[in-house]
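The model shown is predicted, which means the values in this text are computed figures rather than measured ones.
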Amino acid sequence: MEIKGKYINPFTDFGFKKLFGSEFNKELLIDFLNQVLGDREQVQDLTYLNPEQLGNLPEDRKAIYDLYCENERGEKFIIELQHVRQEFFKDRSIFYATFPVQSQAPKGKAWDYRLKAVYTIGILNFSFHDLSEQDRFVREVQLLDTKTGEVFYDKLTFIYLEVPRFKKQEEELETHFDKWMFVLKNLHRFQERPRKLQERVFTKLFAEAEIAKLNAEDMRTYQESLKVYRDNQNTFDYSIKEAKRKGREEGREEGWNEGHHAAQLEIAKQLKARGIALVVIAEATGLPEEELEKL
């Protein structure tokens with residue numbers, strides 16, 4: 001497969017983990033997380049944890065994160081990359097967050113229920129449905145008192161970065177966070193490193209992202225990852241287009257929902273035909289394994 005461009009696509013599974021998922025590139029992830037956290041206490045160090053989280057019983061559901069880390073204070077970070085919209089994406093985010101919460105309970109010991117903070121960071125290559133504040137690309141969610149709007153509990157935080165809503169061009173970049181969003185959205189389109197991205201962390205990122213530096217095995221993995229990315233995008237785009245047409249013709253939102261479900265089914269069929277494990281397909285599409293078994 002012909003690969004155009006100089007740098008890897010960070011929205012492929014390979015690209016994301018190449019840049020952020022190794023001990024060698026840990027400083028990239030730390031720098032990025034500190035920009036996402038903003039005024040909160042900054043991360044000094046991270047430990048990569050097992051991304052596969054098992055339930056308490058063998059028959060329980062499990063979760064597989066893209067990245068799962070712990071900082072020096074014992075706070076947990078789930079970092080999820082999501083390329084296409086899933087029907088129950090918010091539900092999955094909540095479900096995933098329950099694992100690092102429950103894992104803090106010590107076994108066989110008295111406990112006062114004091115918890116460390118848990119953060120879910122979602123890097124989304126789509127926008128949520130709402131049409132309000134079209135330029136707002138960061139969505140932060142916590143438990144609130146619905147009457148006063150005050151934060152009821154600040155140790156469970158969901159931060160979603162809606163990358164398509166980030167509209168700034170290079171000359172408009174003002175903050176370090178702006179630069180990270182610009183890189184995530186445009187890295188695979190660059191032919192040269194932009195003049196405004198001269199910080200040392202971006203020197204490392206662009207060096208790691210060069211396709212020409214991949215060894216033969218990594219190149220094969222990236223090609224497969226890129227093919228899955230493109231197939232998913234093409235299938236999803238077509239199905240959503242048909243869903244919108246159907247929704248307009250029938251005058252009901254069910255048309256969009258049915259088209260969205262059809263898109264996920266088609267993506268699942270393609271992944272299953274490649275021999276990819278059902279649990280991985282379920283994570284990628286949001287479809288239950290029981291439905292995938294029938295395909």
Side-chain angles (χ1 to χ4, degrees), residues 10-11 15-51 53 65-82 93-94 96-101 103-104 114-124 135-144 149-163 165-166 168 170 172-187 193-194 196-209:
F11 275 95
F16 182 68
K17 291 175 181 175
K18 166 74 172 172
L19 296 177
F20 297 108
S22 70
E23 192 73 23
F24 181 72
N25 287 336
K26 184 166 64 174
E27 66 176 290
L28 299 181
L29 182 59
I30 291 175
D31 190 84
F32 171 69
L33 286 179
N34 282 336
Q35 296 308 306
V36 173
L37 292 174
D39 295 333
R40 295 181 178 85
E41 190 171 354
Q42 297 288 277
V43 175
Q44 301 300 319
D45 193 17
L46 283 175
T47 300
Y48 287 97
L49 303 176
N50 185 357
Q53 298 296 296
Y65 311 135
D66 287 328
L67 294 177
Y68 184 38
C69 305
E70 180 181 74
N71 69 7
E72 68 282 358
R73 296 184 295 277
E75 298 170 339
K76 304 292 196 302
F77 293 85
I78 301 168
I79 301 100
E80 282 285 295
L81 185 79
Q82 189 65 35
S93 291
I94 301 298
Y96 276 14
T98 63
F99 287 85
V101 172
S103 69
Q104 296 183 48
R114 183 176 182 178
L115 295 170
K116 300 287 188 179
V118 173
Y119 295 91
T120 293
I121 314 295
I123 306 170
L124 315 181
D135 294 332
R136 182 165 72 105
F137 55 88
V138 180
R139 186 184 302 262
E140 182 172 320
V141 180
Q142 290 182 324
L143 294 176
L144 301 176
E150 296 177 349
V151 175
F152 176 76
Y153 187 74
D154 64 356
K155 292 182 181 179
L156 183 61
T157 304
F158 301 85
I159 302 175
Y160 301 108
L161 308 179
E162 300 176 40
V163 176
R165 284 188 169 182
F166 183 80
K168 290 185 179 182
E170 182 181 355
E172 300 173 295
L173 303 179
E174 299 174 354
T175 66
H176 196 59
F177 184 47
D178 282 348
K179 295 177 181 181
W180 267 113
M181 293 298 297
F182 186 65
V183 165
L184 287 173
K185 184 173 184 177
N186 299 294
L187 178 61
R193 178 180 169 189
K196 276 211 169 184
L197 304 180
Q198 297 303 314
E199 290 85 349
R200 187 179 68 85
V201 67
F202 293 122
T203 299
K204 184 177 181 63
L205 182 142
F206 276 89
E208 286 298 302

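A donor-acceptor pair is defined here as one N or O able to donate and one able to accept, closer than 3.5 Å; such a pair exists between the side chain of Arg40 and the backbone of Leu37. A donor-acceptor distance shorter than 3.5 angstrom exists from the side chain of Lys196 to the backbone of Leu173, with no hydrogens or angles considered. At least one donor-acceptor pair closer than 3.5 Å links the side chain of Tyr48 to the backbone N or O of Ser22.
Nearest approach of Lys17 to Asp66, heavy atoms of both residues: CE-O, 3.7 Å. Nearest heavy atoms, Pro100 versus Val118: CG-CG1, 3.7 Å. The nearest pair of heavy atoms linking Ala209 to Leu187 is CB-CD2, 4.0 Å. Nearest heavy atoms, Glu172 versus Asp178: O-OD2, 4.4 Å. The shortest heavy-atom contact between Ile159 and Thr157 is CG1-CG2, 3.8 Å. Scanning all heavy atoms of the two residues, the minimum distance from Leu184 to Phe11 falls at O-CE1, 3.7 Å.
Using a 4.5 Å heavy-atom threshold, the side chains of Leu197 and Phe206 count as touching. Residues Arg136 and Glu162 fail the side-chain proximity criterion, which asks for heavy atoms closer than 4.5 Å. No side-chain heavy atom of Tyr160 sits under 4.5 Å from any side-chain heavy atom of Gln82. Side-chain contact between Arg114 and Lys155 is present, with heavy atoms from C-beta onward closer than 4.5 Å. Taking the side chain as every heavy atom from C-beta outward, Val201 and Leu205 never approach each other to under 4.5 Å. Phe177 has its side chain within reach of Val138: a pair of non-hydrogen atoms, C-beta onward, lies under 4.5 Å apart.
Ring planes of Phe137 and Phe166: perpendicular class, angle over 60° (limits at 30 and 60°).
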Applying side chain to side chain contact (heavy atoms under 4.5 Å, CB included), run through Ile79 and Leu33 and close with a yes or a no. CA-CA 9 Å; Ile79 301 100; Leu33 286 179; 4.2 Å; yes

Step-by-step side chain to side chain contact (heavy atoms under 4.5 Å, CB included) determination, Gln44 to Asn71: CA-CA 7 Å; Gln44 301 300 319; Asn71 69 7; over 6 Å; no

CA sep, side-chain torsions, deciding dist, call: Arg200, Glu27, side chain to side chain contact (heavy atoms under 4.5 Å, CB included): CA-CA 10 Å; Arg200 187 179 68 85; Glu27 66 176 290; 3.1 Å; yes

Derivation of the side chain to side chain contact (heavy atoms under 4.5 Å, CB included) call for Leu144 and Phe152: CA-CA 5 Å; Leu144 301 176; Phe152 176 76; 5.8 Å; no

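For Phe20, the ring pair (Phe, Tyr, Trp, His ring centres under 6.0 Å) partners at least two apart in sequence or on another chain are Phe16, Phe32, Trp180.
Here the CD atom belonging to Glu208 is positioned 12.0 Å from the OG1 atom belonging to Thr203, to the nearest 0.5 angstrom. Once rounded to the nearest 0.5 Å, the distance linking NZ of Lys168 with CG of Asn186 reads 13.5 Å. If you take OH on Tyr68 and CD on Glu80, they are separated by 12.0 Å, rounding to the nearest 0.5 Å. In this structure, CG on Leu46 lies 9.0 Å from CD on Glu23, to the nearest 0.5 angstrom. Rounded to the nearest 0.5 Å, atoms NZ (Lys185) and CD1 (Ile123) are 15.0 Å apart. Considering CG of Leu156 and NZ of Lys76, their distance stands at 13.0 Å, rounded to 0.5 Å.
Side-chain atoms of His176 and Asp31 form a donor-acceptor pair, as typed in the model, at a separation below 3.5 Å.
Other residues, nucleotides and ligands contribute at most 12 non-hydrogen atoms within 6.0 Å of the NZ atom of Lys116.
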